[in-house]
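Remarks on the structure that follows.
Hydrogens, waters and symmetry mates play no part in the numbers below; they use all other heavy atoms, side chains included.
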Protein chains: 2
Amino acid sequence: MPILGIDPGMGVTGYAILAEAPAGRLILKRSGEIRTILRHPFPKRLKHLFDGLLQVIQEELPTALAIEDTFLAKNFKSALKLGQARGVALLAAEFHQIPVFEYTPTAVKMAVVGYGGATKDQVQQMISRLLQLPSVLTAEHAADAAAVAICHLHSAQFQAKIEAAKERSGER
Amino acid sequence: MPILGIDPGMGVTGYAILAEAPAGRLILKRSGEIRTILRHPFPKRLKHLFDGLLQVIQEELPTALAIEDTFLAKNFKSALKLGQARGVALLAAEFHQIPVFEYTPTAVKMAVVGYGGATKDQVQQMISRLLQLPSVLTAEHAADAAAVAICHLHSAQFQAKIEAAKERSGER
């Protein structure tokens, strides 16, 4: 059950496909960034993002989409632009009936580093350690996409453990 | 050449299809609002908006999309939500290769009422007068969609007059 993590943006949308190895270890199957051309009009750039994400979804068949639930931006204009990219990413997921899970930036940092105030560097280093990568993911938006996917998988593992514990204790 | 005006929103997206009669008079061919269910997740609501707009586009075959270039919102969260709906509307236009034209709220009020600080009531009354409607368009978002479409058609008429004047004066 591969998970698609996305870090949406009008200029660059990062994505990462993570899967769980039998021992519970996480594997980065694929990551990348979809870039749009600044001088192109918004509709054309949004179509490019949409097509790029649809292609990743069709090739990797993720069973869930994890995305940051961001409520901060420099200004209204940047929030609106982020929203446009985000809307198109959510639509791509809905086209394939993939459930979407949202996590706050703090939850993502907590899940990856164990500390909600972690720096970008700390997050990047923990990602490469958790995914046993030969080096850090220097592509910033792909790394952020991997981080939110890790957060989702950790939450899912955590939930599964709670469920298992409940069953053992005969609670259900 | 029908024009599609859109007032995007996650909850309600208004639309209006305007056409120009031979004498230059504007005709409202169709208007409406696409509503989404608040308790549904964003992806489902965005797909509903997208499908609704695609249907209007396929049935009315507009040659241009006019939309407000809004840079104001209550807060970041509402800007992000507006952006999501806007992104999906722009994507629907791009699916049919319809060029998108953006106008500021002030430009829209200027075009409809002749005064950038016009109230909503004044805009609604001028819309029904310009389009010779039996009553005002009470559906607020459909009225806003009609307003931005009027703005586009007035701009286009104005541009055409300038071009014609240039040709007459032998400028080109």
Side-chain angles (χ1 to χ4, degrees), chain A residues 4 6-11 13 34 36-37 40-54 57 62 64-105, chain B residues 4 6-11 13 34 36-37 40-54 57 62 64-105:
Chain A
L4 171 60
I6 284 184
D7 178 32
M10 276 303 302
T13 287
I34 304 165
T36 65
I37 296 169
H40 282 175
F42 279 157
K44 196 181 171 82
R45 294 168 70 187
L46 290 166
K47 181 75 163 46
H48 182 68
L49 290 180
F50 184 77
D51 289 345
L53 289 174
L54 268 197
I57 290 170
L65 173 75
I67 192 166
E68 261 195 24
D69 177 7
T70 319
F71 288 123
L72 280 172
K74 269 183 293 182
N75 51 47
F76 175 78
K77 198 167 172 172
S78 62
L80 194 83
K81 280 167 63 181
L82 171 60
Q84 289 184 166
R86 196 175 201 277
V88 158
L90 298 180
L91 186 68
E94 185 67 15
F95 261 65
H96 286 266
Q97 308 250 304
I98 301 167
V100 173
F101 298 86
E102 302 185 58
Y103 299 96
T104 64
Chain B
L4 172 59
I6 285 185
D7 177 32
M10 275 303 301
T13 288
I34 303 165
T36 65
I37 296 169
H40 283 175
F42 279 157
K44 196 180 171 83
R45 293 168 71 187
L46 290 166
K47 180 76 162 48
H48 182 68
L49 289 181
F50 184 77
D51 289 345
L53 288 175
L54 269 196
I57 290 171
L65 173 75
I67 192 167
E68 260 196 26
D69 177 7
T70 318
F71 288 122
L72 280 172
K74 268 183 293 181
N75 52 46
F76 174 79
K77 198 168 172 172
S78 63
L80 194 82
K81 279 167 63 182
L82 171 60
Q84 289 184 167
R86 197 176 201 277
V88 158
L90 298 181
L91 187 68
E94 185 67 16
F95 261 64
H96 285 267
Q97 308 250 303
I98 300 167
V100 173
F101 298 85
E102 301 185 58
Y103 299 95
T104 64

* May I have the step-by-step check of side chain to side chain contact (heavy atoms under 4.5 Å, CB included) for A/Phe50 and B/Glu94, ending in yes or no? => CA-CA 11 Å; A/Phe50 184 77; B/Glu94 185 67 16; over 6 Å; no

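With rounding to the nearest 0.5 angstrom, the CD atom of A/Gln84 is 8.5 Å from the CG atom of B/Leu82.
The shortest heavy-atom contact between A/Thr70 and B/Phe76 is O-CE2, 3.2 Å. In terms of heavy atoms, B/Arg86 sits closest to A/Leu80 at CD-CD2, 4.0 Å. Smallest separation of non-hydrogen atoms from B/Lys47 and A/Leu91: CA-CD1, 3.5 Å.
By number of non-hydrogen pairs under 4.5 angstrom with chain A, the leading residue of B/Ala89, B/Pro43, B/Pro99 is B/Pro43. Counting heavy-atom pairs closer than 4.5 Å to chain B, the top-ranked of the candidates A/Lys81, A/Lys44, A/Gln97, A/Arg45 is A/Lys44.
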